[in-house]
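Written out below as structure tokens is the structure these notes cover.
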Amino acid sequence: MAPHNSNQAPVIKAGAVGRGEPPGGMDARALRRGPVVSNLVAALTLVAIFFAVNQIFNFRLFVDVTILQNAYLYTLGAIFLSIVFLVYPLTAGSHRWSNVTDFAAAGAALLICGYFALTGKQSLNEGWEYAQPMLPKMLSFALWALIIEAMRRVTGMLMAVIALAFSLYPVFAGSMPGPIAGFSQPIGDIIPFHILSSESSFGIPMEAFGTLVLGFVLFGAALQFTGGGAFFNDLAFRMVGKYRGGAAKVATVGSGLMGSMSGSVISNIMTTGAVSIPAMKRTGFSANYAAGVEACASTGGVMMPPIMGAVAFVMASFLGVGYAEIVLAAIIPSALFYFGLIIQIDSYAARRGLTGLNKSELPVLLDTLRNGWHYIIVFAVLIWMLIGLEQERIAPFICTFLLLVVTQLFPSTRLSLSKIRDLLSYTGTALAEMAAILLGVGFIVGAFSATGLSGTLANDLVFLAGDGVLALLIMGALTSFIFGMGMTVTSCYILLAVVLAPALVQAGLHPIAAHLFIMYWGMVSYITPPVALGAFAAATLAGTSPIRAGFTAMRLGSIIYVLPFLFVLEPALIGVGEWSEVIPVMALAFIGVWLIASGTQGYLAVFGPLGHGKLGIAVQICIIAGGVAIAIPATLVPVFGHIGMTVLGLILVAIGLGLCSVTMRRQP
């Protein structure tokens with residue numbers, strides 16, 4: 001495989017950002033393009049980065065002026081809401097009246113948020129969130145409407161209606177039935193509360209955006225535009241391309257590495273998949289399978305340390321623990337997911353006699369490292385700053401600066417002024433999409449805060465589940481899956497961390513495990529029909545049916561449906577406890593995942609094929625059931641414990657292999 005042009009900008013679809021292509025039908029709407037809009041978006045993004053650097057590094061670049069946190073967040077709101085209205089048109093057509101409306105909305109967002117930024121100190125001193133003058137109150141209503149409209153343009157009508165309903169919920173809370181009843185408030189009080197308080201739109205969601213997420217989205221975009229995706233792909237080709245099913249294993253390794261750095265599923269697919277999917281098809285993989293592999297690998301990348309789509313840093317803030325603790329907890333679950341995916345690919349390739357890539361098709365390792373050594377250095381600096389220095393707020397900015405400086409030194413990776421503009425424009429669009437969703441999610445958080453429902457809801461969920469922790473987890477998994485359909489990874493996590501995580505923790509589950517649980521289940525929608533945005537994006541590259549690619553991805557990523565239950569019920573799988581406890585549990589989990597993955601593909605490494613026809617299906621069921629029994633947490637089966645379930649699992653595997661051996665001997 002010839003090395004990819006490292007200076008080639010990634011192919012990104014409309015709205016391809018942290019969440020990827022907007023759900024709700026918005027992917028059919030072309031974003032407004034052209035030099036005027038691109039230049040405006042790039043300029044606004046540059047201003048936002050300037051304010052972010054000034055605030056996060058505490059440079060105090062404004063003479064005798066200290067920008068308060070609320071003023072900073074309103075400034076970001078002004079910039080990115082304006083970008084939403086500039087980039088996402090009111091309607092699918094490009095009518096003149098639509099353009100006028102869009103630019104007017106962008107100007108209104110800029111002026112209103114700008115006003116609140118300039119009056120930020122006065123707002124705090126005079127308590128505007130509870131008692132505000134008439135002008136701020138009127139502007140609050142206008143900004144509330146603009147946020148709802150921005151969310152509609154980015155995510156579609158469904159999520160906008162949900163945000164609207166939740167924002168108005170406190171008005172009717174007193175009339176709601178018992179479990180969801182709360183304190184009612186007049187609409188004239190609740191809308192300004194949403195806009196002016198630190199507990200709603202410009203509270204936790206936007207604070208996480210302004211202090212953590214913005215820097216990592218910028219870093220991920222810079223990594224893609226400077227050729228990072230090509231480097232990681234070439235490195236993966238060199239590492240595993242020669243083995244059977246090598247092209248699919250390349251997609252797994254390359255997309256995992258790139259996904260962890262960029263934090264974006266869809267843009268990861270569109271970047272690395274452009275190379276890996278054709279390679280998979282050329283070496284014998286079906287188009288459906290190629291799309292499924294790329295979708296699963298890119299989805300897993302966002303769950304893999306060190307960056308994890310910036311959720312790791314937000315999670316650390318929520319839990320009040322160090323970032324390193326979150327990363328260490330996420331290592332084993334991530335390794336189990338990728339191990340299961342690799343085993344499935346290997347079994348699929350072995351059963352169909354697929355070979356690896358020819359040596360002539362693989363990039364030369366020395367050439368790959370010579371062309372991309374700076375990515376390794378930047379990666380090392382990032383890890384050192386995140387884990388060694390614990391400077392997660394400033395790390396992405398320093399590493400982005402370092403990356404851009406180093407790549408500008410070499411003609412092959414140098415970015416021209418037009419490409420720097422494209423980088424800023426793409427980053428601004430990505431951040432604007434995320435900001436619009438987070439501002440809308442803030443309404444939901446604010447509604448729970450204003451009505452006092454956040455505390456009682458956790459109690460109600462625990463009460464409904466009774467003594468059954470598993471029932472509560474299933475309820476939580478379904479909730480996370482549904483919300484994951486329409487939000488970015490970060491916004492979905494923030495919402496569920498406020499609404500659902502307290503109930504899981506109150507039920508006695510380990511806090512980090514509970515938060516990882518909702519994060520994993522929030523990601524499931526990327527590979528699960530009917531949404532399956534990751535699989536649908538990969539299907540466009542593979543030239544196959546999106547639905548068929550979605551079901552293939554669902555089968556390939558089947559371990560993701562089981563894995564969160566394993567580590568939330570067995571904290572040893574997130575490294576909790578002594579190593580004498582962690583290692584045996586981890587070993588059993590890997591064995592269980594190996595058997596489950598092999599069983600789903602009908603081929604067990606070392607043993608061989610698991611038969612055909614009805615008897616083959618029975619053998620596969622025995623192998624999968626044996627894997628589940630071996631990996632299942634002891635808390636679910638306290639009577640048997642790990643030893644009893646392991647013995648049961650081995651018996652099931654032995655029965656399955658015995659049936660398979662009998663069948664194979666009977667064949668002529």
Side-chain angles (χ1 to χ4, degrees), residues 10-28 155-156 245 247-252 254-256 258-259 262-281 285-304 309 337-338 340-342 344-345 348 480-489 492 520-563 597 600-601:
V11 180
I12 305 296
K13 282 197 165 188
V17 14
R19 172 62 188 165
E21 296 187 41
M26 281 293 293
D27 52 317
T155 66
K249 292 175 181 175
V250 164
T252 302
S255 297
M258 185 62 190
S262 71
S264 170
V265 174
I266 305 300
S267 58
N268 189 16
I269 289 171
M270 304 306 289
T271 304
T272 59
V275 179
S276 63
I277 288 177
M280 282 188 273
K281 292 173 66 177
F285 288 92
S286 68
N288 292 332
Y289 203 89
V293 168
E294 182 60 45
C296 289
S298 294
T299 299
V302 182
M303 300 180 293
M304 187 171 76
F337 174 80
Y338 275 102
L341 186 55
I342 289 287
Q344 288 210 67
I345 292 170
Y348 179 94
S480 303
F481 171 70
I482 291 169
F483 277 109
M485 290 181 184
M487 297 186 185
T488 65
V489 179
C492 177
Y520 266 69
W521 267 97
M523 297 291 295
V524 162
S525 62
Y526 277 108
I527 61 171
T528 307
V531 182
L533 292 180
F536 291 177
T540 62
L541 294 177
T544 187
S545 163
I547 293 296
R548 292 176 65 185
F551 281 110
T552 303
M554 187 176 175
R555 182 182 181 187
L556 275 166
S558 55
I559 190 62
I560 199 176
Y561 302 95
V562 179
L563 186 57
T600 57
Q601 294 296 331

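- Of all the heavy atoms in Pro546 and Ala539, the pair that sits closest is CA-CB, 3.7 Å.
- In this structure, Gln344 and Thr600 approach most closely via the heavy-atom pair OE1-OG1, 2.9 Å.
- Legend: side-chain hydrogen bond (donor to acceptor under 3.5 Å, both in side chains) pairs involving residues 541-554, not counting sequence neighbours, sorted by first then second residue: Asn288-Thr544.
- Taking the six-membered ring where the residue is Trp, Phe285 and Tyr348 present parallel rings, their angle staying beneath 30° rather than reaching 60°.
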Query - Stepwise side-chain contact (heavy atoms from CB on, under 4.5 Å) check, Thr528 with Tyr561 - result: CA-CA 10 Å; Thr528 307; Tyr561 302 95; 2.5 Å; yes
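- Rounding to the nearest 0.5 Å gives a distance of 6.0 Å between OG1 of Thr299 and CD1 of Ile527.
- When the side-chain contact (heavy atoms from CB on, under 4.5 Å) test is applied to Ala251, the partners found at least two apart in sequence or on another chain are Ser276, Met280, Val293, Glu294.
- Residue Ala538 comes nearest to Ala291 through the heavy atom pair CB-O, 3.3 Å, listed as atom of the first residue, atom of the second, then distance.
- When the ring pair (Phe, Tyr, Trp, His ring centres under 6.0 Å) test is applied to Tyr520, the partners found at least two apart in sequence or on another chain are Phe567.
- A side-chain donor-acceptor contact under 3.5 Å links Tyr338 to the backbone of Gly301.
- The minimum heavy-atom distance linking Lys281 with Ala542 is given by the pair NZ-O, 2.8 Å.
- A search for side chain to side chain donor-acceptor pair (under 3.5 Å) contacts involving Ser558 returns nothing, not counting sequence neighbours.
- For the pair Phe536/Ile547, a side-chain contact is recorded, criterion being any heavy-atom separation below 4.5 Å from C-beta on.
- At least one side-chain heavy atom of Leu556 sits under 4.5 Å from a side-chain heavy atom of Gln601.
- Every side-chain contact (heavy atoms from CB on, under 4.5 Å) that Pro529 has, sequence neighbours left out, goes to Ala532, Phe551, Met554.
- Nearest approach of Ile345 to Lys249, heavy atoms of both residues: CG2-CG, 4.0 Å.
- The list of side-chain hydrogen bond (donor to acceptor under 3.5 Å, both in side chains) pairs with a residue in residues 529-539, not counting sequence neighbours, is empty.
- With sequence neighbours excluded, no residue forms a ring pair (Phe, Tyr, Trp, His ring centres under 6.0 Å) with Phe337.
- The nearest pair of heavy atoms linking Gly273 to Pro278 is O-CD, 3.5 Å.
- Annotation: side chain to side chain donor-acceptor pair (under 3.5 Å) contacts of Ser286 (sequence neighbours excluded): none.
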